[in-house]
Each structure stands twice: as C-alpha cells, then as structure tokens.
Peer 1: 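Sending over a structure as structure tokens; questions will come in a sec.
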Amino acid sequence: MVARRKVAVVGVALSDCGRVDDATPYALHAQAARRALADAGLDRSLVDGFASAGLGTLAPVEVAEYLGLRPTWVDSTSVGGSTWEVMAAHAADAIAAGHARAVLLVYGSTARADVRAGRRTGTLSFGTRGPMQFEVPYGHTLIAKYAMAARRHMIEYGTTIEQLAEVAVQARANAALNPEAMFRTPITVDEVLSGPMIADPFTKLHCCVRSDGGAAVLLVAEEYVRDCRTSPVWVLGSGESVSHAAMSEWPDFTVSPAAVSGRLAFERAGVRPSEIEIAEIYDAFTYMTLVTLEDLGFCGKGEGGAFVEKGRLRVEGGDLPVNTDGGGLSAQHPGMRGLFLLVEAVRQLRGECGERQVRRGDGTPPRLAVASGTGGWFCSSGTVVLGVG
C-alpha cells in the first residue's frame, strides 16, 4: 500500500476571458492548460491525470485528445458550478493514494459569444425530464429558483434587499482593482435596486455576468514540488455534498449544501472558519454569497445580511475579503465558474494579485483560503481549504 502523499497546487491560469468572439471552447481549454503548465514550469509529459466537464460527448476524452494527453486517471464529474471543487477533492485523493502524480483540471466556455452569434439561447431551464418535469410547467426557471430561496431567507430572517445589494456593490469594488475584470465601474446600492427586475427580488445587478473564458489548475504530489517554478499551495482539506434536484425535496431554502461540505473541509483541514483569511465563493446571484457565508460558519444562520454590511467583503479594509477578483457578479462567469475560484485563491496565497492583493497586518499575503462552489440551484457543493507554508 502506498503511503498517502501531500498534494499541492503548483500551476494556475486563466485563458483570455470576458469578450472572446474568435475562439472555440476547445481553444480556451488549451490556452488555459498551456498557461497553467507554464506557470508551474512543468512539462505536460508529467500529467497522468485529467479532469474536465461540460464540453463534448465524452468530455474528458475529447478534451484530453485535443490537448495531446493520454491520462491514466480521469474524472468527468458534472455537478454544475461546484464541479471543480469536487474534482479537485477527487484529484487530491487520487494523488495522495498514488493513483496519479499530476492532475490537470481544465474548463473553457464561449457562453457569451455563443448567445451573441445565435448558437444558443440563455439557460432558463435544465430540461423537463426526471424530477424537473413536475416543476417546469409552473414556470420554474433557473433564476426563479434562486430568487425564491432568497425570498424565503428574507421572510425567515428579515434579510433586506439592501443587504443583498451590498454583495454586488462590494464585488464590484473588488473588480475595480482587477484589470482583467469584465465590469469595473463602481456601483451603489441604489443603482442595484433601480435596475430592471429579472426575478423578484433580483434585479439585473443581483445576477452574474455572462462571459467567455477558461481556467486550469495543476495539482501534483509533494515530491514534484521541488521541480516547480512556483511556491506550492497545499490542499489541506475538502468536502462535498448534494442536497436535492426538485425544489420540493429541499428541506430548507435557507440552508445550502455548503453547510455540509464546509464542515467536512474544515474538519479535514484541521482549521476553523475564523482562521480563514480570504474566501472565494460561487456567486451566480447575490444570495449565494450571503447564504454560503452563513453555511461555512463565518456567521450564524440568519446573520448573513448583517455580516455583509459595512464593507466586510472588500479587498480594501474588509474583515473577510470575498471574491477578491470581482467574482461572477463582476469579473467573469462563463458557466461552471468553480475553477476560477481555485485560481484566484491560489494567486492570492502566492501574493500575485497586484492592486487587489490581500495582505495581513505585517504586509505578507494570506496563508489560509477557502474556495466553495455551488452547483445547480443549491443542489451541490464542493469546498476546498488551501494553505501555504
């Protein structure tokens, strides 16, 4: 039996993001993959594990072939936006057990360009088969499900629309520090509230942007760290959880599956939420950020509204900087955005984020981060705790 090895993230990268009208999703996968390998300073011949979802009939097979890889360990787990945190957990387990030495996670999407070119329409529903057939006739669009959950939290705990708007305002403030963010102009609570209604209570700025883009993350066994050009960011612990498919089977609209995945990740990492210095949280809608903060244990249940007030989530002066690149609400959101959370967390821990870099009191970069992805309509969650030193 092979002794369990430590696992580190040694390469991260984004492809061109935002408005990319002249690339295919395969090209964005390849661009991100090449950049992540270059970031690590490793040759692709070392990669024997590959994870991908969302592209092609046989996602990991087709994309691996496009990249010229012949992996002996693969993962095509597809659970929406949390896919990449779940895949990172699986990859870390495989490497630790000796089933792989280096695993590459890659994603790419032209979601925005495809809509503009008429190759697809907006995603209003995930289909009418299975348990969803009982909800679709009643107009349960994807965004309506999130909106309904947000309204339940407002009724249950007195959370206000202004507090939800603060999530968007602070995400934009962080995006203003990120030259690669899609939208950087500061916004106010009043501007969020006065925007066009999309699904009550969400106006336009409560909702994520639609962009093109890709990302890649390379994880390796500890013995390969010395060959890398970057400092390692260690995978300390992870957790995953699923909740429901039909909204009628969701026991409590105010509790996401991050309540389980977060607890598991922190327990396995041996750290407390209070020790985390930055959080990268899936934010397709403002309510996702707020309820995930509660469920990860950064505040009590029902206290998320008060927690996000007074600039707590900002890079500049925030108690817990959240979505330091601007998140899906302002930076980029090409679909299953969970891999972008891992990229940003690693860059922050390595101190590579320029103007948006979070720093401790002594001027050094943070040492502990959490990335938590959400999939479907709060159907799944994956949480990963990362650390340096």
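Heavy-atom basis, side chains included; hydrogens, waters and symmetry copies ignored.
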Peer 1: Given side chains that start at C-beta, do those of I187 and V192 come closer than 4.5 Å, heavy atoms only?
Peer 2: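 A side-chain contact under 4.5 Å exists here.
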
Peer 1: With distance as the sole test, does N174 use its side chain to make a donor-acceptor pair with the main-chain N or O of V322 at under 3.5 Å?
Peer 2: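 Yes, the answer is positive, given that a donor and an acceptor are paired below the 3.5 Å cut-off.
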
Peer 1: Would you please classify the geometry between the Y282 ring and the H333 ring as parallel, tilted or perpendicular, with 30° and 60° separating the classes?
Peer 2: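 Because their plane-to-plane angle is over 60°, the rings of H333 and Y282 count as perpendicular.
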
Peer 1: Could K301 and E294 be called an ion pair, given the rule that one side-chain N must be under 4.0 Å from one carboxylate O?
Peer 2: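 Yes, this pair counts.
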
Peer 1: Yes or no on salt bridge (charged side-chain N to carboxylate O under 4.0 Å, His left out) for R312 and E166, after CA distance, side-chain angles and deciding distance?
Peer 2: CA-CA 10 Å; R312 258 201 177 100; E166 270 291 346; over 6 Å; no

Peer 1: Indicate yes or no for a side-chain donor-acceptor contact from Y224 to the backbone of L42 under 3.5 Å, with no hydrogens or angles considered.
Peer 2: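 Answer holds: no.
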
Peer 1: Have D190 and T188 got a donor and an acceptor in their side chains that come within less than 3.5 Å?
Peer 2: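 Side chains of D190 and T188: no pair found under 3.5 Å.
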
Peer 1: For atom CZ of R272, is the number of surrounding heavy atoms from other residues, nucleotides or ligands below 6.0 Å larger than 12?
Peer 2: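 Atom CZ in R272 is not packed in, count stays at 12 or less.
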
Peer 1: Between F340 and G213, what is the shortest heavy-atom contact and its length?
Peer 2: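 What the structure gives for the nearest pair is CZ-C, 4.1 Å.
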
Peer 1: Work out which heavy atom in R35 is nearest to a heavy atom in A13; give both atom names and the distance.
Peer 2: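 Looking at all heavy atoms of both residues, the shortest contact is CB-CB, 3.3 Å.
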
Peer 1: Start with the C-alpha distance between L142 and W377, add both sets of side-chain angles, then the distance that settles side chain to side chain contact (heavy atoms under 4.5 Å, CB included), and finish with yes or no.
Peer 2: CA-CA 7 Å; L142 176 63; W377 35 97; 3.4 Å; yes

Peer 1: For salt bridge (charged side-chain N to carboxylate O under 4.0 Å, His left out), just list the numbers for R229 and D39, CA-CA rounded to whole Å, side-chain angles, deciding distance to a tenth of an Å, and then say yes or no.
Peer 2: CA-CA 7 Å; R229 59 174 295 275; D39 182 55; 3.6 Å; yes

Peer 1: Show your reasoning for whether side chain to side chain donor-acceptor pair (under 3.5 Å) applies to S330 and R172.
Peer 2: CA-CA 6 Å; S330 288; R172 183 63 62 86; 2.8 Å; yes

Peer 1: Between R112 and D21, does any NZ, NE, NH1 or NH2 come within less than 4.0 Å of an OD or OE carboxylate oxygen?
Peer 2: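 Here D21 pairs with R112 in a salt bridge, since their nearest N and O are under 4.0 Å apart.
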
Peer 1: Hey, any chance V385 and I281 share a hydrophobic cluster, counting ILVMFWY side chains that come within less than 4.5 Å of each other, even indirectly?
Peer 2: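 Yes; tracing contacts between hydrophobic side chains, which count when under 4.5 Å, links both residues.
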
Peer 1: Does the separation of the ring centres of F298 and F307 fall below 6.0 angstrom?
Peer 2: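 No; F307 has its ring centre 6.0 Å or more from that of F298.
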
Peer 1: Are the side chain of S238 and the backbone of A89 linked by a donor-acceptor contact shorter than 3.5 Å?
Peer 2: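 No, because the side chain of S238 does not come within donor-acceptor range (under 3.5 Å) of the backbone of A89.
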
Peer 1: Counting distance only, does the side-chain N/O of D295 pair as donor-acceptor with the main-chain N or O of V255 below 3.5 Å?
Peer 2: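 Checking the backbone N and O of V255 against the side chain of D295, no donor-acceptor pair under 3.5 Å is found.
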
Peer 1: Quick check with a 6.0 Å cut-off and a 45 degree axis cone: is R152 positioned over the face of Y146's six-membered ring?
Peer 2: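 No - R152 does not lie over the ring of Y146 by the 6.0 Å and 45° rule.
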
Peer 1: Identify whether I161 and F285 are in the same connected component of the hydrophobic contact network (ILVMFWY, side-chain heavy atoms under 4.5 Å).
Peer 2: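 Same cluster: I161 reaches F285 through Ile, Leu, Val, Met, Phe, Trp or Tyr contacts under 4.5 Å.
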
Peer 1: With no hydrogens and no angle check, do the side chains of H206 and T286 hold a donor and an acceptor under 3.5 Å apart?
Peer 2: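 Looking only at side-chain atoms, T286 and H206 do form a donor-acceptor pair, the distance falling under 3.5 Å.
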
Peer 1: Please tell me whether Q332 and R337 have a donor and an acceptor in their side chains that are separated by less than 3.5 angstrom.
Peer 2: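 Side chains of Q332 and R337: pair found under 3.5 Å.
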
Peer 1: For G300, is there any backbone N or O sitting under 3.5 Å from a side-chain donor or acceptor partner on E303?
Peer 2: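 Yes; at least one donor-acceptor contact below 3.5 Å.
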
Peer 1: Aromatic ring centroids of Y287 and H153 under 6.0 Å?
Peer 2: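 Between Y287 and H153, the centre distance is under 6.0 Å.
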
Peer 1: Is L218 close to V220 at the side-chain level, that is, under 4.5 Å between some pair of heavy atoms?
Peer 2: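 Counting from C-beta outward, V220 and L218 do come under 4.5 Å.
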
Peer 1: Can you confirm whether E309 sits close enough to Q163 that some side-chain heavy atom of one is under 4.5 Å from a side-chain heavy atom of the other?
Peer 2: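 They are in side-chain contact.
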
Peer 1: Spell out, as yes or no, whether a donor-acceptor pair under 3.5 Å connects the side chain of R44 to the backbone of L67.
Peer 2: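 At least one qualifying donor-acceptor pair exists.
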
Peer 1: For E344 and T324, test the side chains for any donor-to-acceptor distance below 3.5 angstrom and give the result as yes or no.
Peer 2: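 Short answer, yes.
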
Peer 1: Under 3.5 Å, side chain of D212 to main-chain N/O of R19, donor-acceptor pair present?
Peer 2: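 Here the side-chain-to-backbone pair does not exist.
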
Peer 1: If I compare all heavy atoms of T83 with all of A53, which pair ends up nearest, and what's the gap?
Peer 2: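 Closest heavy-atom pair between T83 and A53: CG2-CB, 4.1 Å.
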
Peer 1: Under the 3.5 angstrom rule, does the side chain of W250 hit a backbone N or O of D252 as a donor-acceptor pair?
Peer 2: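 Answer holds: yes.
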
Peer 1: Do R5 side-chain atoms and I95 backbone N/O form a donor-acceptor pair below 3.5 Å?
Peer 2: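 Between the backbone of I95 and the side chain of R5 there is a qualifying donor-acceptor contact (under 3.5 Å).
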
Peer 1: With a 4.5 Å limit on heavy-atom distance, are the side chains of S211 and P334 in contact?
Peer 2: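 Yes. Closest side-chain heavy atoms under 4.5 Å.
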
Peer 1: Could you tell me if the side chain of P60 sits less than 4.5 Å from the side chain of S76, heavy atoms only?
Peer 2: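 A side-chain contact under 4.5 Å exists here.
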
Peer 1: Heavy atoms only: give me the nearest P186-E191 pair and the separation to one decimal.
Peer 2: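 Looking at all heavy atoms of both residues, the closest pair is O-OE1, 4.1 Å.
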
Peer 1: Look at the side-chain heavy atoms of Ile, Leu, Val, Met, Phe, Trp and Tyr, link any pair under 4.5 Å apart, and say whether I278 and V9 land in one connected group.
Peer 2: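 No, I278 does not connect to V9 through the hydrophobic network.
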
Peer 1: List the atom of P201, the atom of M154, and the distance in Å for their closest heavy-atom pair.
Peer 2: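 In this case the closest contact between P201 and M154 is CG-SD, 3.9 Å.
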
Peer 1: Decide yes or no for S52 and H29: does some side-chain heavy atom of the first lie under 4.5 Å from some side-chain heavy atom of the second?
Peer 2: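 They are in contact (side-chain heavy atoms under 4.5 Å apart), so the answer is yes.
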
Peer 1: Are L386 and I276 in one and the same hydrophobic cluster, where Ile, Leu, Val, Met, Phe, Trp and Tyr link if side-chain heavy atoms are under 4.5 Å apart?
Peer 2: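 In one cluster: no.
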
Peer 1: With a 4.5 Å cut-off on side-chain heavy-atom distances among I, L, V, M, F, W and Y, is there a chain of contacts connecting L37 to V225?
Peer 2: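 Yes, same cluster.
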
Peer 1: How long is the straight-line distance from OH of Y107 back to CE of M87, given to the nearest 0.5 Å?
Peer 2: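 One gets 11.0 Å once the value is rounded to the nearest 0.5 Å.
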
Peer 1: What is the minimum heavy-atom distance between A369 and A345, and which atoms define it?
Peer 2: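 Minimum heavy-atom contact is CB-CB, 4.2 Å.
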
Peer 1: Could you tell me if S261 and S241 have a donor-acceptor pair between their side chains, going purely by distance under 3.5 Å?
Peer 2: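 No, S261 and S241 have no side-chain donor paired with an acceptor closer than 3.5 Å.
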
Peer 1: A side-chain contact here means heavy atoms from C-beta on lying under 4.5 Å apart; do T292 and L290 qualify?
Peer 2: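 Not in contact.
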
Peer 1: Could D93 and R4 be called an ion pair, given the rule that one side-chain N must be under 4.0 Å from one carboxylate O?
Peer 2: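 Yes.
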
Peer 1: Whether R356 and E316 form a salt bridge (side-chain N of Lys/Arg under 4.0 Å from carboxylate O of Asp/Glu) is what I want to check.
Peer 2: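 Here E316 does not pair with R356 in a salt bridge, since their nearest N and O are not under 4.0 Å apart.
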
Peer 1: Is there a donor-acceptor pair under 3.5 Å between the side chain of E275 and the backbone N or O of L368?
Peer 2: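 Between the backbone of L368 and the side chain of E275 there is no qualifying donor-acceptor contact (under 3.5 Å).
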
